[in-house]
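Since the structure comes first, as structure tokens, the remarks are kept for the end.
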Amino acid sequence: MAEPMRIRATMAGDVADVKVLMNHPMETGLRKDAKTGQLVPAYFIQEVTATINGATVLSADFGSGVSKNPYLGFKVKGPKKGDKVVVNWADNKGDKNSAETLIG
Amino acid sequence: MNALRRNVLKGAAGAGTVAVAVAAGLLKPTQALAAWNKDAFEAKNVGDAMKGLGVSGPADSKAITIKAPDIAENGAVVPVEVTSGIAGTTGITILAEKNASPLIADFRLSGGTQGFISTRIKMGQTSLVRAVVKAGGKSYTAAKEVKVTIGGCGG
């Protein structure tokens with residue numbers, strides 16, 4: 001299984017500020033390996049979804065142009081402290097990961 | 001969704017499989033998504049990428065702000081923040097116009113999610129970073145130039 005993600009969600013007024021750090025090499029498929037001179041195959045996160053208490057608040061498609069170890073920040077109006085935030089991703093090789101936290 | 005997750009957990013035995021089961025249960029929303037937009041992401045120019053996304057002739061908007069460095073010393077990690085002041089924003093798309101594949105990421109916002117996305121992108125060279133915002137069935141756009149210094153002299 002892929003490496004763990006880091007997730008944090010805090011309330012600022014009536015808006016939840018969610019920050020996620022995913023661990024992923026995000027290879028574009030254009031980079032050459034320094035030793036072998038061979039192209040490193042594309043390997044990147046394609047789909048990301050976020051839910052709060054089971055309701056989808058964000059879904060995203062990523063290309064290989066997102067930086068290595070992608071960072072994602074977004075803001076959701078309405079949730080309360082203690083609501084559960086879950087973020088999932090899936091990459092182009094079918095690997096998946098998810099992380100969850102309670103809004104603090 | 002929670003009931004399903006319970007069942008998945010109940011059916012699993014051993015700590016390792018529990019982790020897998022949690023992922024499987026929680027990943028249900030991902031499966032419900034439309035397929036990854038291959039045409040748009042593999043497009044080699046902004047026009048084709050927009051076409052792949054179904055965006056045509058977005059209107060320039062001053063209500064969209066793009067926060068990114070004027071000069072990025074490291075093109076591999078360029079922080080970009082897009083804020084849309086347009087009411088009813090349901091989508092934010094980020095493109096780096098001169099990248100080999102300009103389309104970086106396409107975000108769909110629902111529930112109470114506000115018109116705000118913060119992330120980090122790769123840039124091959126100095127270029128416009130463009131944001132396309134979808135709101136109320138219309139498209140709006142704004143762009144900001146980011147200079148990418150190569151060689152690390154801090155330009």
Side-chain angles (χ1 to χ4, degrees), chain A residues 1-2 4 14-22 26-31 42 44-79 83-84 86-92 95-100, chain B residues 1-2 5 16 19-20 22-38 40-43 49 53 74-81 83 91-96 99-124:
Chain A
M1 194 143 178
D14 59 349
V15 175
D17 191 357
V18 184
K19 295 185 168 94
V20 191
L21 202 52
M22 303 164 231
M26 299 299 282
E27 288 290 352
T28 58
L30 305 171
R31 193 175 69 88
F44 56 96
I45 292 174
Q46 285 190 316
E47 290 176 0
V48 178
T49 54
T51 62
I52 294 183
N53 285 348
T56 300
V57 290
L58 178 135
S59 64
D61 290 350
F62 278 13
S64 56
V66 177
S67 296
K68 183 179 171 181
N69 296 335
Y71 166 77
L72 172 62
F74 59 97
K75 293 175 179 174
V76 186
K77 196 172 178 175
D83 285 359
K84 187 160 88 168
V86 181
V87 175
N88 300 294
W89 59 250
D91 67 25
N92 64 329
D95 205 357
K96 292 171 181 179
N97 202 351
S98 91
E100 61 180 72
Chain B
M1 182 187 153
N2 264 335
R5 199 176 144 233
V20 174
V22 168
L26 295 175
L27 278 164
K28 197 168 160 260
T30 312
Q31 287 155 7
L33 273 181
W36 188 70
N37 194 334
K38 193 166 183 284
F41 277 102
E42 290 184 356
L53 290 166
N74 181 0
V77 184
V78 182
V80 175
E81 250 181 49
T83 308
I92 293 179
T93 305
I94 300 173
L95 304 107
N99 274 16
S101 308
L103 179 56
I104 306 276
D106 182 30
F107 300 90
R108 292 170 296 271
L109 316 174
S110 50
T113 306
Q114 302 195 312
F116 169 87
I117 286 293
S118 170
T119 189
R120 298 190 296 221
I121 70 170
K122 293 177 202 164
M123 291 182 68

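Protein chains get the first letters and strands the later ones, always in sequence-line order, with residue 1 at the start of each. As the structure is a computational prediction, the values presented were derived from the model and not from experiment.
In this structure, chain B has no heavy atom under 4.5 Å from any part of A/I52. Interface remark: A/V20 contributes no atoms to any contact with chain B (heavy atom separation under 4.5 Å). Looking at A/I45, neither its backbone nor its side chain comes within 4.5 Å of chain B, counting heavy atoms on both sides. Within the 4.5 angstrom heavy-atom criterion, only side-chain atoms of B/F41, from C-beta onward, approach chain A. Contacts of A/K68 with chain B are made by backbone atoms alone, with heavy-atom separations under 4.5 Å and no side-chain atom involved. Only the backbone of B/V78 comes within less than 4.5 Å of a heavy atom in chain A; its side chain stays farther off.
Between chain A and the options B/M123, B/E81, B/R120, heavy-atom pairs under 4.5 Å are most frequent for B/R120. Listed options A/V15, A/N92, A/L30 were ranked by heavy-atom pairs under 4.5 angstrom with chain B; first place goes to A/V15. When each of B/A96, B/A40, B/A105, B/S110 is scored by its heavy-atom pairs under 4.5 Å with chain A, the top score falls to B/S110.
When side chains are defined from C-beta on, A/F62 counts as touching A/V48, because their heavy atoms get closer than 4.5 Å. Looking only at side-chain heavy atoms (C-beta outward), B/I117 and B/L109 come within less than 4.5 Å of each other. A heavy-atom distance below 4.5 Å is not found between the side chains of A/V57 and A/V18.
The two residues A/N97 and A/P4 come nearest to each other via the heavy atoms ND2-CA, 4.1 Å. Taking all atoms of both residues into account, the shortest heavy-atom contact from B/L53 to B/T93 is CD1-CG2, 3.6 Å.
A donor-acceptor contact shorter than 3.5 Å links the side chain of B/N99 to the backbone of B/G124. Between the A/S67 side chain and the B/A76 main chain, a donor and an acceptor come within less than 3.5 Å of each other.
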